[in-house]
Amino acid sequence: MAEGIDLVDFNYPQHLGGLKPEAVTGALKAAGLAAGAVAVRFPASTFRAGAFTNPDPSVRAAAVDIVAAACGWARLLDASAGVIVWPQFDGYDYHMQINYTTTWRRGVDAIRAALDRDECEGVKLSYEFKPTDPSSRFALVPSTAAALTLVSDVDRPGRFGLTLDAGHLVAAGENPAQSAAMVADAGVLFGFHLGDVHSKLAAEDGLAFGSVHAAGALELVYWLRASYGSAGGYAGYAYFDTFPEAEDPTREAAYNVRAFKRMWRWAARLENDGIRDVLLNHDAMTSLEMQEGLIA
Ligand SMILES: [Mn+2]
């Protein structure tokens, strides 16, 4: 068991389909863990041409059924962050392939249908956009701004929000700290997937937190900390969406925890040292000098 890990997220249906709830709750208890979220992964066998936005209404209904079943598991496991949907197949690959506005409305309607299901009553649902993926070169929701528009269009305050992923934000050409600040300020930051990335094609995911972009990671933690406890702001659990493909996963998880705690301490120090006023003045050199000895 990695030091400092208290919560675990499950993919649905991949990790949970066919299991008995008591088997999962028993395994969690034995490991001293609780459930964070249930993350929907639409199976390619059914949803390769789209889930919420599939042209076939029966497939869209099946996508809603999957989310409803994930909500059922989130309730059974008492998953504090509810259900997170990464809409892997809701996008397109070619020019002149889809009608953007019709497809958008289909997506909004399907998300509302999921939220209206009995299984999802009282369960928070968040949308984790990813701008590009081999399975949809263009996502229907390719940016934080578009994701905020989606939340506004779905219009279910407190029920539907966003989970941001640091790797996806870098892939979108965004600064994760800025995206986090804006979504928290809108009151819809339901979760954040921490990790790091190299900014090159096909390498957009899953490295250890703070391992590539240390300054960006510190700024991200600063803004998560600033929104901590505010309505709809950062809820205070750090989830690491990283992929220790060749590394010892226990050591990698413990490293992530230490990196996050270190950044949190540094963010607190910057706050105490008056970084808030420096930001108001857009004073780059003073900010850099305050960070000397921390990340640089
Ligand atoms: Mn993620």
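Remember, it's 1-based here, ligands and their atoms both numbered in the order they're listed. We count residues from 1, following the sequence as given. Treat the numbers as computed from the prediction; the structure is a model and nothing was measured. Heavy-atom basis, side chains included; hydrogens, waters and symmetry copies ignored.
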Subject >> Pairwise disulfide bond (SG atoms under 2.5 Å apart) hits with a residue in residues 248-290, at least two apart >> reply: none
**OP:** Answer yes if the side chains of S136 and D90 hold a donor-acceptor pair under 3.5 Å, and no otherwise.
**Re:** no
Subject >> Ring centers of F190, Y127 separated by less than 6.0 Å >> reply: no
**OP:** Give a yes or no on this: more than 12 heavy atoms of other residues, nucleotides or ligands lie within 6.0 Å of atom CZ of R251.
**Re:** no
**OP:** Scan for disulfide bond (SG atoms under 2.5 Å apart) pairs involving residues 131-175, sequence neighbours excluded, and state none if there are none.
**Re:** none
Original post:
Protein N, O or S atoms less than 2.8 Å from the Mn ion (ligand 1), ignoring waters?
Top reply: E128 OE2, D165 OD2, H193 ND1, D241 OD2
Subject >> Pairwise disulfide bond (SG atoms under 2.5 Å apart) hits with a residue in residues 42-157, at least two apart >> reply: C71-C120
